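Everything on this sheet refers to the single structure shown next.
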Amino acid sequence: MAINGNVNNVQTSSSGNFLSALATPDNVAGMRMAVPVISSVQGLKAVRDAYAASDAARAAYSSMDAAGAAGAGAGGAISSVTSGIGGVISNALHSLPGLLKSNFAISGLMSIFTNGLDFVQGKENGTQFLVDTACDTAAYTGIGATATMIGGMVGSVIPGFGTLIGMGVGALVGFLGGKLYETYLRPSFTNAVQAKFVGMSNGSQPSALPSSTTSGATPSAPTTAPAL
């Protein structure tokens, strides 16, 4: 009997230890931070396809003949550069809605998974799980879309190995954005949203505070009028 009990204890504790080791704060944060890095690398090829106009603008500037460049002078050269940069930015903004949509799906799934680990372990209640999942989804949707857009912009203006360089830049931006969010922004952001959510769902809470203050001041008021 003692052997069976020991075996059961070992099995229970080993599964619990595995979940605890998997769901450490650093591991959970690392899982979320990997989302914009992966999405920026995967989405960069599609983003570069959307930058065809910027490629044409750069080609037009590069193929200016000597006579045209001399006739246009410095003002014409600056105008060509400005036009090329404007084309890159315009195509980047044009691709942003699609990037937000694609990053929303993967960010939402990872947010549900990571916060679900904390919920199963009892680190979060139901309200915290919903709020943290919504906040993480919104944050990493924006971080992933921004990282992919920046990586695509860099990759589109660099010839040759532009795609690889753009992937590296996008991954770096995604990592730094996730690190900034997890370290400095997430605690205050999730707490503020949770407080707002609880206040909205508990509409009677604000009115309870003045009433308790009033009841506390009642005993000090005179109970009888002064004799005339």
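For clarity, every value in this text was computed on a predicted model and none was experimentally measured. Values below: every heavy atom of this structure, side chains too, minus hydrogens, waters and symmetry copies.
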Quick one: closest heavy-atom pair of Gln194 and Val131, and the distance? N-CG1, 3.7 Å
Determine whether Phe113 and Val35 fall in the same hydrophobic cluster, where Ile, Leu, Val, Met, Phe, Trp and Tyr are linked whenever their side-chain heavy atoms lie under 4.5 Å apart. yes
At their closest point, which heavy atom of Gly144 faces which heavy atom of Ser39, and how far apart are they? CA-OG, 4.0 Å
For Thr146 and Gly142, the nearest pair of non-hydrogen atoms, with its separation, is OG1-O, 2.8 Å
Check the hydrophobic clustering (I, L, V, M, F, W, Y; side-chain heavy atoms under 4.5 Å; chains of links allowed) and say if Phe197 and Phe129 are grouped together. no
What is the distance from atom CE of Met33 to atom CD of Glu182, rounded to the nearest 0.5 Å? 7.0 Å
Do the side chains of Val193 and Tyr140 join up, straight or via other hydrophobic residues, at under 4.5 Å, putting them in one cluster? yes
Where Pro36 and Gly174 come nearest, the two heavy atoms and their spacing: CG-O, 3.5 Å
Not counting sequence neighbours, which residues clear side chain to side chain contact (heavy atoms under 4.5 Å, CB included) with Leu185? List them please. Leu180, Tyr181
Hydrophobic cluster membership, Ile143 vs Leu100, 4.5 Å side-chain cutoff: no
Donor-acceptor under 3.5 Å (Gln128 side chain, Asn125 main chain): yes
Which value, rounded to the nearest 0.5 Å, describes the distance between Arg32 atom CZ and Thr114 atom OG1? 4.0 Å
Residues which pass salt bridge (Lys or Arg N to Asp or Glu O under 4.0 Å) with Glu124, listed by chain and number, not counting sequence neighbours: none
How about Thr141 and Asn103: does a side-chain donor come under 3.5 Å of a side-chain acceptor? no
Nearest 0.5 angstrom please: Ile112 CD1 to Phe119 CZ, how far? 13.0 Å
Does Ser107 have any side chain to side chain donor-acceptor pair (under 3.5 Å) partners at least two apart in sequence or in another chain, and if so, which? none
What is the distance from atom OG1 of Thr190 to atom CG of Asp136, rounded to the nearest 0.5 Å? 7.5 Å
Minimal heavy-atom distance between Phe104 and Thr137, with the atoms involved, is CE1-CG2, 3.6 Å
OG1-CG distance between Thr127 and Asp132, expressed to the nearest 0.5 angstrom: 10.5 Å
Test side chain to side chain donor-acceptor pair (under 3.5 Å) on Ser188 and Asn191 and set out the steps. CA-CA 5 Å; Ser188 58; Asn191 288 338; over 6 Å; no
With a 6.0 Å cut-off (strictly less than), is the heavy-atom count around NZ of Lys123, excluding the residue itself, greater than 12? yes
Beyond-backbone contact of Tyr184 with Lys179, side-chain heavy atoms, under 4.5 angstrom: no
